[in-house]
Every structure is written in structure tokens, then in C-alpha cells.
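Naming: A, B, ... by sequence-line order, numbering from 1 per chain.
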Amino acid sequence: MIEAIAMAHGWEMQHDANVVVIGQDVGANGGVFRATAGLQERFGKERVQDTPLAEAMIAGMSVGMATQGLKPVAEIQFMGFLYPALDQIVNHMSRMRNRTRGRLTCPVVMRMPHGGGIHAPEHHSECTESMLCHIPGIRVVCPSSPARAYGLLLAAIRDPDPVMFLEPVRLYRAVRQEVSDDGQALPLDVCFVLREGNDVTIVTWGAMTIETLRAAAELDSLGVSAEVIDLATLSPIDIETILESVAKTGRLVIVHEAVRNLGVGAEIAALVAERGLYDLQAPIQRVAGFDTVVPLFKLEQDYIPSAQRIIDAVQNTLADQG
Amino acid sequence: MIEAIAMAHGWEMQHDANVVVIGQDVGANGGVFRATAGLQERFGKERVQDTPLAEAMIAGMSVGMATQGLKPVAEIQFMGFLYPALDQIVNHMSRMRNRTRGRLTCPVVMRMPHGGGIHAPEHHSECTESMLCHIPGIRVVCPSSPARAYGLLLAAIRDPDPVMFLEPVRLYRAVRQEVSDDGQALPLDVCFVLREGNDVTIVTWGAMTIETLRAAAELDSLGVSAEVIDLATLSPIDIETILESVAKTGRLVIVHEAVRNLGVGAEIAALVAERGLYDLQAPIQRVAGFDTVVPLFKLEQDYIPSAQRIIDAVQNTLADQG
Amino acid sequence: MRTVAEFKIQYRQVLDPQGRIVAALPAFAADTDEVLRMYRAMTMARVFDAKAMNLQRTGQLGTYASCLGHEATHIAVGAAMAAEDILAPVYREVGTQLWRGVTMREILTYWGGDERGNDFAIPRQDFPWCVPIATQTLHAAGAAMAFKIRKQPRVAVAYIGDGGTSEGAFAEALNVAGAANLPAVFVIVNNGWAISLPVAAQTKAQTLAQKAIAAGIPGMQVDGNDVFAVRQVVAEALDAARLGRGPCVIEALTYRLSDHTTADDASRYRSEAQVKQAWELEPLIRVRAFLVNAGIWDAAQEESLLRSCAEQVEAAVSAYFSAAKPSTDAMFEHLFAVKPAHLLEQRATARKYGTKSSGH
Amino acid sequence: MRTVAEFKIQYRQVLDPQGRIVAALPAFAADTDEVLRMYRAMTMARVFDAKAMNLQRTGQLGTYASCLGHEATHIAVGAAMAAEDILAPVYREVGTQLWRGVTMREILTYWGGDERGNDFAIPRQDFPWCVPIATQTLHAAGAAMAFKIRKQPRVAVAYIGDGGTSEGAFAEALNVAGAANLPAVFVIVNNGWAISLPVAAQTKAQTLAQKAIAAGIPGMQVDGNDVFAVRQVVAEALDAARLGRGPCVIEALTYRLSDHTTADDASRYRSEAQVKQAWELEPLIRVRAFLVNAGIWDAAQEESLLRSCAEQVEAAVSAYFSAAKPSTDAMFEHLFAVKPAHLLEQRATARKYGTKSSGH
Ligand SMILES: Cc1ncc(C[n+]2csc(CCOP(=O)(O)OP(=O)(O)O)c2C)c(N)n1
Ligand SMILES: Cc1ncc(C[n+]2csc(CCOP(=O)(O)OP(=O)(O)O)c2C)c(N)n1
Ligand SMILES: [Mg+2]
Ligand SMILES: [Mg+2]
């Protein structure tokens, strides 16, 4: 997936002179995960800038640059280091358009590695997308494959408003896929149905699509047909697609790596409980990270929801005949 | 309510030499809302300290002081200025105990004004409790009356772990009530039933208890008996009390001032949809702030949910016979 | 031990409190029309400020932060800047805003609780009022980065208060401005107080100009009540930045003659004596003395100036009053360029429950 | 223009790269046992570091940040501190940790992905390893505030890297330490690089010691490869802080001889030549030369030292290997003193699905 991300940067910088890349080690080093590899050689030190070590600065500078019509694509080295930048995101990036009645805008993309599973050190396995999704005025996007990473990143850069782009670290190297560098963006604000099914709807995103699809395959062999939906844009939520699926299957399981309490799954469950209650034939189930701090890596596999947990949750909803 | 808060500070500082108050203008000025009025005269400049203007510093210093056994009660001047402190709260305050296997702990209380409704300037009407509730390792508390402010603040200061204490600004001066300075704490982690009823359960907290109780009174005159629950501790959620009530009433309306998307109402709705689905006789309804930036004060009354919106939501759930 | 680095902070004053010239007069000050222009603008800022305070007291304006005593710094910065430069204000810089072309009506509209007040008709690219302390300094650095990348001869000017210098964001802004050699000028308005905290308790630094040293950029101090000195120092800084010589920090020493805002009561934490003393140094006296000594100003002119200022303010106030309360749609119109579906539903709900009252 | 403030940054070196004494020898350095003690500790840090790198390469340890080249600074700081002082480390200060009594096993346990490695048996009040850059400097300021409030003669020492000095949190820590006159010492380990960013690109400041000037506190530079100079400077700073004279900043100039961490490849962004040059200044050579010149060290002693270090490291490694993977309960045990109900349910779920593998 990492190559697809670098490719999307390259395409858009080639076609839009206003796109500028900033962040820690994005230049000569090409990013700690190599997401910006080769860009500085290609586009120069003004358009691909290594910044000093300060996240609030990266976000605040992005706001200032964007109000002048540039399109900053800023890398935050890991999601666990985003927090110093939240003030600028909540109080300015997400509000500048509204505050000035459209006079000044913030077409900014903030990219960051998301989630765990690669035996990284402390603070390198965060999934705090909820904190971002709760902020009005920004979009939050999380790709689940190289092709979607390429198409959604292009869409994010082209979007006239701020987009938080969360890149699942487990997919950076794991998933390989031929992606044609055709500059075709994918739509924001919509889900992708990864697998059709009739017995249960499973909504997930990012790296958890892997365990979920594995679970779906195994369920299939057990005669259970699961529909798997990749949320893709975590805010705003494309609830229509989910409601249609639930209307068909009557059962909903939500899977995410983030802690359960106020994870994005909570909003999905709430929307379905408000608007799709009568379609539900069994209680909604959330399979999520535990409501605790992501453990250091010796236990991370015990923290990240497993395919088995997903399978059991599906079996429970099916067993439940009300 | 403001006097009750100052009183709770005074009692605990009198009885526990480890309690220290820090923040902007908490000393001679007694806090911009007077929540710490008189404390510096009483307890001196070492125990009641005006800090320089830096929220990350206030939170980070609190962590350091707490690991030495002090109990910092830190004031953030408005919730909209909390964001620079989030890094310290998420990455350290909430994790120090877990990270060190209990060797170092953070008995810190971070107090801040919460919500709008007083014609304050931009950034002075924030309700971003969700971002805090999503963080494992901290508690989030929001009182709805002078008596609960007194009892819950005492409990928060005495709690061995970090507590975010959100004080609804609309209640500071509005609600007056005799509170006896007896040092009696109220329990954390539990809801308070403000009004018993049989037809519908309304869960809310903080200043929204006012509109909600007003709505409940009016509903009563319309022959609708509403049970009103003050969540009080927003994280962790006392879901048992809510489930029992919903089992009785069969209907749930959640009211909060924060934006709907991933507001705390989402988690309550999700938990009920998981564990109380068969008790629900109608879809859950959330009456919440709109998913937009809190407007400047000319429109704030159009933003904050009104009693009428609550009444209509209740009527809708009742009208809905499935 | 070897000395590896040495630094100096210098202070400039041109007009002393009595209006005596104590240093070489800058060219612009030799042009009496220009001096009159600045004096009139300083007076206008003060008259407007008094009216705004009054509107707040009578419940016709929201919380307001007075610029009383800051007129020299505010007008000097405005006068030194080019129209194409951009300003990142905080919440108190009324004088600079008026000079830049922000209207009194827009200012009242914003502090009256209506976002339309930030939709400046004239300085279209200036940043809006900024309440979260110090954050604006990073916006200025970002704009300056855009100017540098596009090779535009423009400068971004950010204001910050003495209290604001304690926020990490300010240090980050100075550091990146230095590291990237950005065309940015940071003006610290040291008015002695951050609400109730005196600057001596805010930091152990004996000057705030020396904050620049941490970033390896120049910093200097100026008498913030001296409109000549401030304009001269800022103009030099702007020229240097425009020529690619990088950013700098200017600390303007003045005094907050008012309460922090209309929500504050300064008598709780500072002495009347200190305020009384500060009044003797306030910025209008000395310019007026300079003009009178130059024989180009008298009581009659002063009186007619005050009258015309009052008239202009009154006109702006009635324009402010005449504006209808924004419709509830205003909450949704400018959140995104492309509105997600759920916002349309919510907009309908807001219309249904919209109050009629102005929210006052 | 009047000069209102002047500042100097001074640099200290005692032992030059060849081990020649270039300044008055501090008292502790006259005590050869003490010098030997420091040299042995520096050697131990290096031997341990090499082993840790090796464990990571063979998949038996997680990402690891080598301390290669930092031994003088790390040991000098440890040796200068009192046991009752407290340390706020970052992630690279192995030498100081070992000197303070953190065990090799604990260090391996933490970098092996197990929180138990932060439950230091000996320096019970020291802060744990701290990954979010610069945040630890505020923790040290907070601990120092506790010492001040309780009138304890203790000092909090915080480490930070050259890159870390760009974070606003660091400026906030220095400022509050100065404003409140806290017993805190901030040691900037300037090893030339922040991952791929050279310090010259990190800031325009010609020294990092001058970051102190923004806070109005003393700052100085020292040869970070000179264990005598660093210990002397830090000891003086600790004494001053202990006596209530306030905080200070010490910039130790050294070099990161290794990649940033085992996850980094420095060849992408820096030249072999630079690294080769840096090796000539590395800290062990000069102490060894000093000891040999003093006639108290020879090849045989060196060899037996290396052997005993290797043995101690091996013992620690097998202890590390012998530890069982933590149980899934470990995720829940220390989140709160009083566990909320839902965590008990989740603990049960975690037990049910717990993997057997060590997670490696
Ligand atoms: C980040 C942040 N924290 C706190 C506040 C509340 N607040 C508003 S003004 C102020 C004091 C600012 O003092 P100073 O920077 O000296 O500016 P002045 O008001 O004197 O112009 C504070 C603490 C805020 N607006 N933003
Ligand atoms: C807040 C934060 N941002 C980014 C990172 C990622 N990161 C880890 S180390 C590092 C460079 C630190 O350089 P320096 O401060 O010089 O310390 P050194 O590694 O050289 O010892 C970065 C950017 C982090 N750990 N924390
Ligand atoms: Mg001030
Ligand atoms: Mg470094």
C-alpha cells in the first residue's frame, strides 16, 4: 500500500502546482514508512519540506498555507503524535471556512499511520479516529487496500476542505496489489461493499477488513453469508448504504480496532438504532479493541480483535432469535 | 453552583495537605468564574498557584506533581482551550499507572467550564466531552446542580486516578441551592435519577438537565410520565441504571448539547442496542447539538437543544408503535 | 570556558512621553500629513473603543476587549504594513484592523456574536480575529511560507500578547520562521498583564524580545506608546523580511489601561496607582504635543476631529443595529464546500425550531 | 538605541579527544577510583547496547534506539545526580538508567514489548521511558514543583534531544521552571540529528543552550563526549538548583554514531565521512587514554572489563528470555485503581481469546 500512497502524491503534485508536502523526515528520508519516497528529488525542497519537530506547528502552518491557496499534504509520523496538533485542527482547520463565511478555507490533508500490529514501540499503535470524527468541519478517511489508498488520497487532496487520512500500518507492506497510476480518484463520503451477503452485515474499515474478510470466508464455509462493508469515510458516515444492507440481512456486527467506548462503531450502532430498529432481528454487536490502553507489542495480538472473535459475534447474532 | 465548587476546593484543601490548585488566574483573581475565589488568601501562593499561559504545561506539570503524591486540581479556563493539553492527558495522565504497572499514578482533577448559553465569545461554548470519554484511563464527570457539583468534585479530588471535571457554565450563576459544607462526597460511576417515570426514559447531563426537566414537567401536564436520568459520570457509563429504566419504560431519548456525531449519546444508544434491544418498543432518539461548529452567540439559542425539541422527540417515540 | 555566542536586546524610542524628540526623526514623521493621518486614526480607535465598551455595558454587544492604551502600536503596525501583506490579529487590535480597512461595522458584528463580522470586505486575505492564544502565530508562519514558495514580496505580521509568549505554539512559530527563513514579523504587545497575571510572573525573561534568541532570529524592544518608534522598527523589519533576510520579533512596551475585557474586574488584582501612572505615558498625549509644538494642531481641530470620529462611529453603530439576526441556515452554510446529507436534515430541524429573538 | 539586555553562551571541555586535560581537573576526576567507576559504566553501556542491537536484529527485541556515542553524557549525568533526585528520560539514555539502578533486564523487558520493564525496582520515583518527544520536560518541571512545595532538597533532571527542542512543550517547561524558580535541570543531548533532520535544519539558533534565554534562565554548552566536563557542569547545575537558585539548561554536544533506531537507515540521509569523523571524537577513547596516561589501566584490564561486562549482559539476557509472556489480564490490571464493571467483562473476553504466542 505504501507505494500506492507515494504514487498518489506524485500524480497530484505533478498535476497541481499548489500541492505541497510537509512533515518530519518526508524529504531525503522519504518518510519513516517511505510514503513520500522520491518526492523531494522530483519536486524540490520547496514543495517537499522537512519540518522541525513540532506537530502543532505542522498543523498550524498547514492552515496558514492553505488560506493562501496552497494544498498542504502534511504527514504526522504516527497517530500517537497527532495530539499536539489537535488544537489547530479543532479550533482552526475545521472552522476557518465557517468562521470567515467562506472567505478563507483549509484544503489540507493530514496523513498519519493508524493502528497497530507491527510490533512497534509505545504510542505507535493508536486508533483514535473517534476524536477526529467528532470534530465538525473535517472529513476522516481510512483506506483498506492499495487501490483505495491511491484513489481516496487523490480525492482527499482534491477536496476543498480538510481531510484526516488514516493509513493502517499493518497494510503498508502486507498488502500488495497492482495499482495503475491513472489519477482516478475514488469518491469520499461513501462506503465500499467488499463482499455481498444475506445473513449478516459486518461494517469495518482499515486493517480490520483483513480479519473481517477472513472471518467472512470461514463463515461462508459454515454456510453463513456475510456482507462486508468497508466504511472508508469514517466521517461523515454513509449510513444509507449500511441501513440498506441491514434491511436485507436484519443483523449488524461492527468491527474496529479502536476501543469500544465511543469508537466509531457507537455512532453506527446509534444511527441504526434510530433509523433501522425495525429491521434488526437481533441485537447489534460490536467487536472492538478493549477499553484500555493499547498494550506494548507482546500483547498486541491479544488486543486487536481476531477473526475468531468476529466469527463468534456473528454466530451470536444468528443464534439470537429474539 | 460556582460557590459550591469553591466550597468543595476549600474543604478538601483544608483536610488534605496534598491538594494543590493551579491554573490561569486562579490566585488573586479567584478564577475568571470565581471558582477558586478566596483560596489563595486561605492556603497561600504555594498551594494556589497562578500559572503562565500554557495548557500543555498545566497538564504536564500536573502529571509530574501527581507522580510525587500531590493531588493537583488544575483549572483550564474554558473547554475550548483544553486541546493543547490533550497530548499530556491522552499520552501520560491516563496511562502513567498502566505504563509503570502502578508504580507512578496520576490523581489529578482537570476542571473546566463546559457548554454555552451565556453569550460568551468564540471558543467559550465547547462541549467536546466525547473526545475525553474515548480516552481509556480517565474518568469524565459533569455535575448538574450545586449539590452534585460539591459532592462529585470532592469524589473527583479523592479519586486515585485522573478525573476530567466539566462544569456547565449555564449553571454557574443560574442555579442557586443551599449546599452544606459537610465534606460528603457523592459516588462516581453512577447515574442519578432526577425524576421517576414510566412512559419514557430521558438520559442527559450537565446544563441540559434544565431543558430536560422543563420538558418532563410539560410532558407530565400532557399525561406523559418521563423518567429523567442524569448521567453524571460520562465515562465510564453506568449502563445498568439506564437499562433498568428502559426495561421499565421501553423508550429511550438521549439529550445532549454536544454535536450528535459520536456524542456520548452514541455510546449510550449503542449499549442499549446491544443489551436492551428487546426492551425497546420504539427507536432510540437523540436530541443533540447540530453537527456543526457552535455558532457565535447570536445563534447559540438556535443551536442548544430546546425543551420543545425534547418534547417532540418524546412524542415521536410514543407515537411510534412499531 | 569559551564564549560561543553573544546576544543583545536593544530598545528604541523616538517621541518621549512629553512629545519631545529623543532620536533621529524617521522620514515619515517629517511628513506632517502622514503624522496627522496616524493621529486621527489613533483618535478614531479610541473613540470607537469607548463606544464599544458602552454598547457592551448596555447589553448591545458581547464581551469586548478594549484597545485603550494600545493605539500607538496598533496604528503604527498598520501604517508600516503594505496592503498586500497580511495580518494575523488576536482580539484587541482594533486600531490595526481599522487601518487595514476592516470596518467598524464588521468589528461590531463579530463581537456582537455574528460570524459575518469576519468576512472582511477589504483585507480579504487577512486572518480573522483569533481567540485561542498564540495559535495565530503559526498561521502567519504558514502564510509567510506560501509567500516564500511563490516568491511573492509579501510579509505576514502576527500579533501576540505578553501572556501569549508562554504558549509553546509561539516558540514553534518563531523556530520554524527562523529555520525556514520566512518573511514574517512577530509583534509582541507587552501591555504588562495577561488578565490577572503580571508579566513578571509570566516569565523570568527580563525582556520578551529575547524569546527570539531561542529561534536564532533578531529581537528588539520598542516603546509601544510611541507611534513613531513602533512604525520605524516595524517598517525596518518588514523591509528586511521582504528582501529575504528573514523574520524578527518586536516587543512593544505598552499598558492595558482597561480591564482585560468587559467580563473582567482588574481592581481585584492591580492597584489604581499603577494605572494612574500608566495614563501619564499613554500614546495620544505625546503625538498631540508633537503636533501642537509643530504648530499644526489646536483645540479647535481636536474638537472637530472628535466630533467627526463620533459621527462615523454612530453611523457604524446604526448600520450594526440594522443588520437582521442571521438565519439558522448560517450554522450550516459554510461548514463544508460540499454539504453531507445529514447536515441538510439538521438544517431543516434548525429551521423548524429556530428562535425569533436575537439571542441577546 | 539603548541596549537593555545582554547574554552569553559559554562552552566547557576538560578532556580533549586525545585525553589531554585542557582545563582545571574537577575534584571527582582526581579520584581515580571514581574515574574507573565511570569508565567501567561507560563500557558496560556500550557492551549492553551492542547486545541489544543484536537481539533486535535476530528478532528477539523490538525496535531499539542505540546509545552508541552518548556514553559520556549518559554516565556523567547519572554520576552527578543524587539518588533522591529524579530522572525524566527519553528513550536512549541507557547509560544513565543503568547508573541510576535500572536493570538491564528491565530495559530489555520494556523494549521487548512488556510494560513490566517500566516498573523499576530501584529508582522507584524516576519517570519511565518517554516516547512522545519533549513531554517529559513538563513532568520533570512538575516533580520539581512538588520538591519546591515540600521544601525537599531534590532536583528533577530531564533529558531532551536536539530535535525535541523544537516542540512547544519544551519552551513551556523552561518558561515555567524559570517563572516558578524550580529545582530542575534540562539536559539537551545534541547528537546532531533528529532522525534525518540535521540540527542546522531544526533551528536557526547557533546553539541550543540559548533556548534558555527565552525563559530567562542560564544555558551553557559542554563537550558531550567529555565525561569530566559534563559531570562537572551538571553537578554545578544540580547544586545551584538544590540551593534554590533555580533551573538551567545544559547542551551536551555529541553525535549519534548509530542509525536513529533499528528501524532507520541513516545511509539515506547522511554521509559515511561524517560518521567516520565523529568516531574520532567518541567518548571512551579519551577516558581510556587518560587512565593509561595515569598509569592505572592496561590492555589486560581492558580485556577483563569487557569480559565481565559481556558476562553480566548475558546473565541479564537469559533473565529477560526466562520471563513468561504477560497474561491478557495485564491489559486491565493497572488502568484504574478501582476497575469499572465493563473492564471485568472485557478481561474475561480477553482471557477467552488470548493467544498463546509471545507476540513476537
Ligand atoms: C489557549 C488559550 N488559553 C486561555 C485563553 C483565555 N484567555 C483569554 S485572554 C488571556 C490572557 C492573554 O494575555 P495576553 O497574551 O497578554 O494578551 P492581552 O489580553 O494582554 O492583550 C487568556 C488566558 C485563551 N483565549 N486561549
Ligand atoms: C511528539 C513526537 N513526534 C514525533 C515523534 C517521532 N520521533 C521519534 S524520535 C524522533 C526524533 C527525535 O530527535 P532528537 O530529539 O534529536 O532525539 P534523538 O533521537 O536524536 O536522541 C521523532 C521525530 C515522537 N516520538 N514524538
Ligand atoms: Mg497582555
Ligand atoms: Mg538528536
With a 4.5 angstrom heavy-atom cut-off, which part of [X] approaches chain C: side chain, backbone, both or neither?
X      : answer
A:D87  : side chain
A:L70  : both
A:I138 : backbone
A:D159 : neither
A:T67  : side chain

Lys/Arg N to Asp/Glu carboxylate O, [X] vs [Y], below 4.0 Å:
X      : Y      : result
A:E46  : C:K151 : yes
C:K325 : C:D114 : no
C:R100 : C:E93  : no

Is the C:W129 ring parallel, tilted or perpendicular to the C:Y110 ring (thresholds 30°, 60°)?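 Judged by the thresholds at 30° and 60°, the geometry between C:W129 and C:Y110 is parallel.
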Would you call the rings of A:F78 and A:F81 parallel, tilted or perpendicular, where under 30° means parallel and over 60° means perpendicular?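 Geometry flag for A:F81 against A:F78: perpendicular rings.
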If you look at every heavy atom in [X] and [Y], which pair is closest and at what distance?
X      : Y      : value
C:F336 : C:P340 : CD1-CD, 3.5 Å
C:P183 : C:K148 : CD-CB, 4.2 Å
A:W205 : A:A232 : CB-N, 4.2 Å
C:C248 : C:I217 : CA-CD1, 4.3 Å

Looking just at side-chain N and O atoms, do [X] and [Y] make a donor-acceptor pair shorter than 3.5 Å?
X      : Y      : value
A:H92  : C:T135 : yes
C:T96  : C:Y159 : yes
A:D230 : A:S144 : yes
A:R99  : C:H334 : no
C:D162 : C:Q202 : no

Region of [X] in contact with chain A, defined by heavy-atom distances below 4.5 Å:
X      : result
C:A141 : both
C:A330 : both
C:A169 : neither
C:F120 : both

For the pair C:Q56 and C:W111, evaluate side-chain hydrogen bond (donor to acceptor under 3.5 Å, both in side chains) and give the outcome as yes or no after the intermediate values. CA-CA 9 Å; C:Q56 191 282 333; C:W111 296 107; over 6 Å; no
Looking at [options], which has the largest count of heavy-atom pairs under 4.5 Å with chain A?
options                        : value
C:R150, C:H139, C:M145         : C:H139
C:R154, C:M331, C:E333         : C:R154
C:L343, C:N175, C:V176, C:L138 : C:L138

Chain C: which of A:I239, A:L188, A:N98 shares the most heavy-atom pairs with it under 4.5 Å?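 Winner by heavy-atom pair count: A:N98.
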Who wins among A:A56, A:S94, A:P72, A:A66 for the most heavy-atom pairs under 4.5 Å with chain C?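 So the answer, after comparing A:A56, A:S94, A:P72, A:A66, is A:A56.
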Using non-hydrogen atoms and a limit below 4.5 Å, what part of residues 47-54 of chain A faces chain C?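 Residues of residues 47-54 of chain A touching chain C at under 4.5 Å: A:Q49, A:P52, A:A54.
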Does anything in residues 57-65 of chain A get under 4.5 Å of chain C by heavy atoms, and if so which residues?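 Under the 4.5 Å heavy-atom cut-off, A:M57, A:G60, A:M61, A:V63, A:G64, A:M65 qualify.
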Tell me whether C:R92 forms a cation-pi arrangement with C:Y64, defined as NZ or CZ under 6.0 Å from the six-membered ring centre and within 45 degrees of its axis.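 The answer is no, since C:R92 fails at least one limit relative to C:Y64.
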